[in-house]
K.L.:
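Pasting a structure below so you can have a look.
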Amino acid sequence: SDDLEGDRHQRLILELEDGMTILIAHNIDLAPRVPISRGELLRFRGRYEYNPQGGVVHWTHHDPKGRSQEGWLSYRGKKFE
């Protein structure tokens with residue numbers, strides 16, 4: 001489910017080829033929601049932070065203040081940034 005407290009984030013859990021999982025926290029106040037379904041492929045660029053559950057990727061969007069390297073999600077050839 002989405003995180004709706006503070007800045008709203010679409011939460012996606014990705015399972016990698018090695019079985020590890022990563023949470024993608026995609027800010028939907030700054031970038032469009034990705035209309036992805038279970039089992040589909042997603043490419044991404046963002047800031048990864050490790051945690052014991054596998055880690056989280058955030059900053060998958062543009063930074064309106066220019067403080068962070070900009071990221072994106074790519075789904076079916078379309079970028080969401």
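It should be emphasised that the depicted structure is a prediction, and the values quoted were computed from it without experimental measurement. All values below were derived from every heavy atom in this structure, side-chain atoms included, with hydrogens, water molecules and symmetry-related copies excluded. This chain uses plain numbering: 1 for the first residue, then up along the sequence.
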K.L.:
Applying side-chain contact (heavy atoms from CB on, under 4.5 Å), can you list everything that pairs with Lys78, at least two apart in sequence or on another chain?
P.N.:
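For Lys78 the side-chain contact (heavy atoms from CB on, under 4.5 Å) partners, ignoring immediate neighbours, are Phe80.
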K.L.:
Residues two or more places apart in sequence or in another chain: which of them pass side chain to side chain donor-acceptor pair (under 3.5 Å) with Ser1?
P.N.:
Arg11
K.L.:
Does anything in residues 18-36 form a salt bridge (Lys or Arg N to Asp or Glu O under 4.0 Å)? List the pairs, not counting sequence neighbours.
P.N.:
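Found Asp2-Arg33, Arg8-Asp29.
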K.L.:
side-chain contact (heavy atoms from CB on, under 4.5 Å), that's the test. Do Leu73 and Leu12 meet it? Break it down for me.
P.N.:
CA-CA 11 Å; Leu73 300 178; Leu12 304 165; 4.3 Å; yes
K.L.:
So if you build clusters from Ile, Leu, Val, Met, Phe, Trp, Tyr with side-chain heavy-atom gaps below 4.5 Å, do Leu16 and Leu23 land together?
P.N.:
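Looking at the clustering, Leu23 is in a separate group from Leu16.
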K.L.:
Could you pull out all residues at least two apart from Leu30 that satisfy side-chain contact (heavy atoms from CB on, under 4.5 Å)?
P.N.:
Asn27, His61, His62, Pro64
K.L.:
Under the rule for side-chain contact (heavy atoms from CB on, under 4.5 Å), what residues qualify as partners of Leu14, not counting sequence neighbours?
P.N.:
Ile24, Leu42, Phe44
K.L.:
Name every donor-acceptor pair, under 3.5 Å, that has one atom in a side chain of residues 52-60 and the other anywhere in the protein, sequence neighbours excluded.
P.N.:
{"from": "His58", "atom 1": "NE2", "to": "Glu49", "atom 2": "OE2", "distance (Å)": "2.9"}
{"from": "Thr60", "atom 1": "OG1", "to": "His26", "atom 2": "ND1", "distance (Å)": "2.7"}

K.L.:
For the backbone of Glu70 and the side chain of Glu81, can you confirm whether one donor and one acceptor N or O come within less than 3.5 Å of each other?
P.N.:
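No; zero donor-acceptor contacts below 3.5 Å.
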K.L.:
Kindly indicate whether the side chain of Trp72, heavy atoms from C-beta on, has any atom under 4.5 Å from the side chain of Arg43.
P.N.:
yes
K.L.:
Checking Arg76 now: which residues fulfil side chain to side chain donor-acceptor pair (under 3.5 Å) with it, not counting sequence neighbours?
P.N.:
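Per chain and number, Arg76 pairs via side chain to side chain donor-acceptor pair (under 3.5 Å) with Glu40.
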K.L.:
Kindly give the cluster partners of Leu4, where membership spreads through any ILVMFWY side chain lying under 4.5 Å from a current member.
P.N.:
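Noted: Leu4 shares its cluster with no other residue.
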K.L.:
Check side chain to side chain donor-acceptor pair (under 3.5 Å) between Tyr48 and all other residues, then give those that pass, not counting sequence neighbours.
P.N.:
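Counting only residues at least two positions away or on another chain, Tyr48 forms no side chain to side chain donor-acceptor pair (under 3.5 Å).
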K.L.:
Suppose clustering is done on Ile, Leu, Val, Met, Phe, Trp and Tyr with side-chain heavy atoms closer than 4.5 Å. Which residues sit in the same group as Ile28?
P.N.:
none
K.L.:
Atom CD1 of Ile13 and atom CZ of Arg38: how far apart are they, to the nearest 0.5 Å?
P.N.:
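Interatomic distance, Ile13 CD1 to Arg38 CZ, rounded to 0.5 Å: 9.0 Å.
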K.L.:
With sequence neighbours left out, write down each residue that passes side chain to side chain donor-acceptor pair (under 3.5 Å) with Glu17, or none if nothing qualifies.
P.N.:
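With neighbours one apart ignored, the set is empty.
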